[in-house]
Amino acid sequence: MPKHKVHSDTQSALADVVFDGMTIMSGGFGLSGNPEKLIAGLLAIGVKDLTVISNNCGADGFGLWTLLNNGQIRKMISSYIGENKLFADLYLAGKLELELNPQGTLAERIRAGGAGIPAFYTKTGVGTVVAEGKPVEQFDGESYVRETWLRADLSIVKAWKADPEGNLVYRRTARNFNPNMATAGRITIAEVEEIVPAGALDPDHVHTPGIYVDRVIQGSAYEKRIEFRTTRVRGEAQG
Amino acid sequence: MPKHKVHSDTQSALADVVFDGMTIMSGGFGLSGNPEKLIAGLLAIGVKDLTVISNNCGADGFGLWTLLNNGQIRKMISSYIGENKLFADLYLAGKLELELNPQGTLAERIRAGGAGIPAFYTKTGVGTVVAEGKPVEQFDGESYVRETWLRADLSIVKAWKADPEGNLVYRRTARNFNPNMATAGRITIAEVEEIVPAGALDPDHVHTPGIYVDRVIQGSAYEKRIEFRTTRVRGEAQG
Amino acid sequence: MVWTREEIAAQAAQELRDGYYVNLGIGIPTLVANYVPDGIEVVLQSENGMLGIGPFPFDDEVDPDLINAGKQTVTALPTSSFFSSADSFAMIRGGHIDLAILGAMEVAGNGDLANWTVPGKMIKGMGGAMDLVAGVRRVVVVMTHTDKAGSPKIVARCSLPLTGAGVVDAIVTELGRFDLDQENEQLIAIDLAAGVTPETVRERTGIPVVMA
Amino acid sequence: MVWTREEIAAQAAQELRDGYYVNLGIGIPTLVANYVPDGIEVVLQSENGMLGIGPFPFDDEVDPDLINAGKQTVTALPTSSFFSSADSFAMIRGGHIDLAILGAMEVAGNGDLANWTVPGKMIKGMGGAMDLVAGVRRVVVVMTHTDKAGSPKIVARCSLPLTGAGVVDAIVTELGRFDLDQENEQLIAIDLAAGVTPETVRERTGIPVVMA
């Protein structure tokens, strides 16, 4: 119900829905659009043996990295490790299960989970290790591999604004996986920078309809760490 | 290219892309969000032997009905006939090929066409004529039927506003199939009520990114016929 | 005294629970919105791409860009949202809608539903009905208990092409409100219209009827 | 004189055509944006959900909610748009991007590409690379012609796990710009850096090289 969706803090929003061994989807691409406060909440609660579905796994000292560092994550389903040394080391040492997915396949599997589509075919990964053990079939003379949906016990997402019904609006590239994951959690909790009154969001421009959002919390003092601060200098020839 | 996308009229936008026997997707649900001007353009050109993919087929004297009435349509791929007597009569008389799809399957097949997904599984239609002759498979103990993508030689869509890059914004329930069809045409032409300057659309609120739109025309004097004008009276108890 | 259309709608409204997301079909189901019980809030979805349907518009509010799936003009609420057809059916197929209330031509004891065509005579199209019955968590049918010839519409097996197999959970007719026990292929009467006897219901029903 | 990183980027920019939608990978490919030929307009896509990437921001414009797929801060243009990851890869997988320029560890004569892992040593993850090479119409690789040990990176068959099979259309290295003839498994040299001879290229390449 709209009137019950807004929670005062991460503990109140998380406490009765987390359990050891659960599967959690966590929004964000790199450090952009991460549910910082809810991740901190999971760290505080200490829920463990988690399977986490997220494109990355945070970065040194930030985001999901903190759960990995605290030994709470058993398995990651991701597309990119990149410069995350802890992530790479734990995996190479056999201390972390890892299922690497092409990023677009990961995004589509999550969308499929929310959309009631248990499997779909894609060209991505055909002829690579990604397709090993999966059905490959021809359509219009080209080969496609079958991928299956992903769903979670809990999705935690970060949006810019929410209204009391749980309608969400994202900002710029902080949108990324968040709207897709919001649809694929049995329970979805959103954290936002601002909860606005009913009527403040244009219904033509709601990114995530409230039906997908069970709980909302308003965060504050967002760190929004930047990985590569890349700038140009005024007066310099423009790239 | 942005600078070349805006055409002055429907003839200029349509003339070199239409051919007899082609497949056309046409946006709209009922009479809402129909590409009125582009349909009139197809009527004027007289291109025939068309396969048309559209949820409905217009209504008496309006929209795709006029192409049907003019003998230009060989086959419809739709979900609903409803009160369209010409549509029903031509089909029952064997003068029109018809492929009826569940509305959600139709929408998803179109999305799949734009998204490079040649096939997907859905529960919709399992155990009905819709699933006859199609692969049915079990996932997590439930049966799903495999459906395939739909693509078109040409998609004609109706939006509210466009910018010169072809970014589109729709209004209320006139959105419906339009954004999905915009992605699934080899060529996509949009007609809009207003072409606004670059910078006038909020990039967070573009519904159809310009990459999907090859040509744009601005229409005028939209008829926007209403099928069931349903109102209440001031002072009456509210429903 | 059998129930009127309005009474049938009011009875179907007993299926609503606080916080439900609900899709209402064309006809009597649309009327259910008028009978939401006190203290209960529901959000109505329309498969043409809208969540949060408001009341019908006043005459000067009518907007051709704002219709429900029955093509009737409607209004938006402060918390409404609009989305594409593919997104709308992702919502439906994905199991996010709690309840669908829709009409039917035939319902079978095993939960099969037929409501989109009479071969050779009438072809309306399935529209969104197949997606709704396959994807929505609970499916309630409202219809007349018998057809124009007086024959039961609740039957052992559907004779018409199906809309969905094993999908109906409950039925409301002018005679009463019923749960459908698919496993035992019987109707369970929850409530009967005043003066309607179990015998009357049994006479007009093609499967066994038990009282709750 | 072999080409510098900047010169390689400028050479790769010769692949751009007016009106193209282009995805640029991390590293040298990102530099290609600085060498768009006069009279040509392209729109840059970033797989984290953006179309129409502007230049890097001035220091006071930096926005943590506005990054490219390399996690660098960027800016928007008046005609930019933002979308979800699923929508972004629908765009990529659906064949709507005209050109992708990306790095590689190995390219084979048959068009196979490897750029995401060295088993047991390095696991970077494929990120969006597998989707890009499978979905984008034309795939151009920019890389050093040989590895640190001086061995060819353009080889008869890839030894590393593949990113995509039969996907590479062209290659730009410090030695030259080449089309890859997948059918005949040979490089076709379009242009060589000043002073680089066909013999030098052949010595450092694991498949036949022909001059255009």
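Lettering of chains follows the sequences in order, A, B, ..., and the numbering in each one begins at 1. Worth knowing before you read on, the calculation uses all heavy atoms, side chains too, and leaves out hydrogens, waters and symmetry mates.
Within the 4.5 angstrom heavy-atom criterion, only side-chain atoms of A:Ile226, from C-beta onward, approach chain D. For D:Asn68, the part sitting under 4.5 Å from any heavy atom of chain A is the backbone (N, CA, C, O) and nothing else. Interface residue D:Thr163: only backbone heavy atoms are found under 4.5 Å from chain A. Residue A:Tyr170 does not touch chain D at all, counting heavy-atom pairs closer than 4.5 Å. Of the atoms belonging to D:Ala90, not a single heavy atom falls under 4.5 Å from chain A. Contacts of A:Asn101 with chain D are made by backbone atoms alone, with heavy-atom separations under 4.5 Å and no side-chain atom involved. Both the backbone and the side chain of D:Ile123 have a heavy atom closer than 4.5 Å to some heavy atom of chain A.
Atom OG of D:Ser80 and atom CZ of A:Arg172 lie 8.0 Å apart (nearest 0.5 Å). To the nearest 0.5 Å, atom CG of residue A:Leu31 and atom CD1 of residue D:Ile67 are 7.5 Å apart. Rounded to the nearest 0.5 angstrom, D:Met126 CE and A:Thr105 OG1 are separated by 9.0 Å. Put simply, NZ on D:Lys124 and OG on A:Ser79 are 11.0 Å apart, with the number rounded to the nearest 0.5 Å. Within the model, atoms CZ of D:Phe56 and OG1 of A:Thr230 stand 5.0 Å from one another, a figure rounded to the nearest 0.5 Å. Atom CD1 of A:Ile81 is separated from atom OG1 of D:Thr117 by 8.0 Å, given to the nearest 0.5 angstrom.
Looking at A:Asn180, its side chain does come within 3.5 Å of a backbone N or O of D:Ala86 through a donor-acceptor pair.
Around OH of A:Tyr91, the count of heavy atoms belonging to other residues, nucleotides or ligands within 6.0 Å does not exceed 12. Within a 6.0 Å radius of NZ in A:Lys134, more than 12 heavy atoms belonging to other residues, nucleotides or ligands are found.
Looking only at side-chain heavy atoms (C-beta outward), D:Glu47 and A:Gln103 come within less than 4.5 Å of each other. A 4.5 Å side-chain heavy-atom check between A:Arg232 and D:Pro57 finds every atom pair outside the cut-off. Side-chain contact between A:Asn56 and D:Lys71 is present, with at least one heavy-atom pair separated by less than 4.5 Å.
Residues A:Arg111 and D:Asp87 are not paired through a salt bridge, judged by the lack of any N-O separation under 4.0 Å between the basic side chain and the carboxylate. Electrostatic pairing of A:Arg229 and D:Asp59 counts as a salt bridge here, judged by a charged N lying under 4.0 Å from a carboxylate O. Between D:Asp65 and A:Lys158 there is no salt bridge, since none of the side-chain N atoms of the basic residue sits less than 4.0 Å from a carboxylate O of the acidic one.
When every heavy atom of D:Met130 is checked against every heavy atom of A:Thr128, the shortest pair comes out as CE-OG1, 3.7 Å. Between A:Arg175 and D:Phe82, the shortest heavy-atom contact is NH2-O, 3.2 Å. The two residues A:Gly104 and D:Arg93 make their nearest non-hydrogen contact at O-NH2, 3.1 Å.
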Any chance you could lay out the side-chain contact (heavy atoms from CB on, under 4.5 Å) test for A:Val129 and D:Trp116, step after step, and finish with the verdict?
CA-CA 12 Å; A:Val129 294; D:Trp116 69 277; 3.6 Å; yes
May I have the step-by-step check of side-chain contact (heavy atoms from CB on, under 4.5 Å) for D:Phe89 and A:Glu108, ending in yes or no?
CA-CA 8 Å; D:Phe89 284 95; A:Glu108 189 66 18; over 6 Å; no
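Considering D:Ser84, D:Ser88, D:Ser85 in turn, D:Ser85 is the only one that fulfils the side chain to side chain contact (heavy atoms under 4.5 Å, CB included) rule with A:Phe177.
Your options are D:Asp112, D:Asp60, D:Val133, and the one with the most heavy-atom pairs under 4.5 Å with chain A is D:Asp60. For the set A:Ala88, A:Gly30, A:Ser32, the count of heavy-atom pairs under 4.5 angstrom toward chain D peaks at A:Ser32. Heavy-atom pairs under 4.5 Å with chain A peak, among D:Ala69, D:Pro161, D:Gly135, at D:Ala69.
A:Thr124 and D:Asp131 share a side-chain donor-acceptor pair at under 3.5 Å.
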